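Everything on this sheet refers to the single structure shown next.
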4 protein chains.
Amino acid sequence: MKSITVRTEVDVRFNEADPLGIVWHGHYIRYFEDGREAFGKKYGCSYLDFYKNGLVVPIVKVDCDYKKSLRYGDSLIVEATYTPSAAAKIVFHYHIYHAATNELVAKGSTTQVFLDKDNNMLQLATPPFFVEWQKRVMSKE
Amino acid sequence: MKSITVRTEVDVRFNEADPLGIVWHGHYIRYFEDGREAFGKKYGCSYLDFYKNGLVVPIVKVDCDYKKSLRYGDSLIVEATYTPSAAAKIVFHYHIYHAATNELVAKGSTTQVFLDKDNNMLQLATPPFFVEWQKRVMSKE
Amino acid sequence: MKSITVRTEVDVRFNEADPLGIVWHGHYIRYFEDGREAFGKKYGCSYLDFYKNGLVVPIVKVDCDYKKSLRYGDSLIVEATYTPSAAAKIVFHYHIYHAATNELVAKGSTTQVFLDKDNNMLQLATPPFFVEWQKRVMSKE
Amino acid sequence: MKSITVRTEVDVRFNEADPLGIVWHGHYIRYFEDGREAFGKKYGCSYLDFYKNGLVVPIVKVDCDYKKSLRYGDSLIVEATYTPSAAAKIVFHYHIYHAATNELVAKGSTTQVFLDKDNNMLQLATPPFFVEWQKRVMSKE
């Protein structure tokens, strides 16, 4: 199975830059989420889609490597890439680029697991909703 | 009925200061909440106390006047003052002081209303839980 | 002189909604800023434009009235309206609408003053850059 | 050289919990910073201490593993551990515990590098200020 990537543009907000004039490192986690949300909206796997199917998909791992800095006034491109896996997990990789120069600013990843939304039980096998999603989305790409 | 005031100290976080080196104005709304929470913890009227009594108490109005600025490295004192009123509302006034100099940095207020947590219906009369709270707390002060 | 309005659309981010499922009231101050920034980008009066002209324009007053709530999954329209005034101040009024239903969700205002960026001195008269801006922008509208 | 650990307690803020009632994963990066700041305050190596010595110390890498969730009303303990290294880097490891139960909630790390604050040049050798700091602090422990 191949991976799928969605690109989305985000403007740096004034309040996201710190006293050194650069975006505070913690906000990149939000940019990752902006990318993941844009992906979810396009491919029908947002938090709300999971929720309607009885699932919550909390983040269990995040990492980010910072290469360059972003400043107030900059725009950035988040590339969120879903790579299917056999494990009962959702893994995204992210690349953040400076929109004007295309320079790589940061990269990272997140891992999510599946919980039953009613009893918070971890799902050890990929739930039917997401197996279906994988078939439907992957066959189209 | 008199008013009651709770003072609480908060450190400015690095990520709360903006590229000009001063705390972004939107974060003061959070400092107000820090003050209101310290009040609620001390006097038994936090969001959780209301919730246990079937109520949610959303903010319907906020205002803030900024007099001085705060910088990373500063600590501030939030003074949250509850003034009882006959209307079915909770009104707090806030004064934020620079902890080191005691200078007034900002002042403002919030207004909250009472909603039934199950049907989101606005309560036109002050709910029994809060009438009791007023009697209990005000008689002690 | 007439007022000018810029409308901009913003998606509610997952992390902006609180445990009650609704957007935390403090985030509206950020939506106001999103509206003011969209205005500044369109009409050449963003923070960076002021800065290049030797000025910073801190917020000295903000207020917000909340009418309805916003939820994760919602989009909102911020309408930022600049109304010229004789005083050395910048006043914006904001209306936030639910994008899907057009219902008014909140309204408020901000007031900014002009400081010399080098010595932080308050400018008691409207600085030449902004007088020019007013002439240029207002004559076009 | 041994490692040094500072423990600090943080209350979960209402606005840090998401619509599922649990703290949004991005806020843990802020808790890490709260721990690092408490460390810096105690041992004289906060952002301001570096700055006074001509240095900025941006984060170049962060990772976090989430084990349990935190809810509004909870308090947490952040343990920030500095482990000296020969490389021109500052590495902290973090453990976040639920304050009431002592359960491990999350763990992670950050890596910072040294830049000259004036020309943003990466320092390939540990700068004298920090070499001195290591000697002074480590000999005491």
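Fair warning: this is a prediction, and the values are worked out from it, not measured in the lab.
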**Report entry** Over 12 non-hydrogen atoms of neighbours within 6.0 angstrom of NZ in C:Lys41
**Finding:** no
Query raised in the report: Rounded to the nearest 0.5 Å, how far does CG of C:Asp63 lie from NZ of B:Lys61?
Result: 5.5 Å
Query raised in the report: In this structure, are over 12 heavy atoms from other groups packed under 6.0 Å from B:Lys107 atom NZ?
Result: no
Report task. Start with the C-alpha distance between C:Trp24 and B:Arg30, add both sets of side-chain angles, then the distance that settles side chain to side chain contact (heavy atoms under 4.5 Å, CB included), and finish with yes or no. Result -> CA-CA 10 Å; C:Trp24 179 63; B:Arg30 206 178 310 192; 4.0 Å; yes
Requested in this report: Any pair with a residue in residues 67-81 of chain C that passes salt bridge (charged side-chain N to carboxylate O under 4.0 Å, His left out), sequence neighbours left out, goes on the list, sorted by first then second residue, please.
Outcome: C:Arg7-C:Glu79, C:Lys68-C:Glu103
Query - Proximal component of C:Val56, with respect to chain B [non-hydrogen, under 4.5 Å] - result: side chain
**Report entry** B:Asp65 CG to C:Ile59 CD1 distance, which is reported to the nearest 0.5 Å
**Finding:** 12.0 Å
Query raised in the report: So do B:Tyr28 and C:Val62 actually touch side chain to side chain, heavy atoms under 4.5 Å?
Result: no
Query raised in the report: Which region of B:Tyr51, side chain (C-beta onward) or backbone (N, CA, C, O), has a non-hydrogen atom less than 4.5 Å from a non-hydrogen atom of chain C, or is it both or neither?
Result: side chain
Query raised in the report: Hey, which of B:Ile22, B:Val60, B:Thr111, B:Thr110 has the most heavy atom pairs under 4.5 Å with chain C?
Result: B:Val60
Query - Pairwise distance CD1(C:Ile29) to SG(B:Cys64) - rounded to 0.5 angstrom - result: 8.5 Å
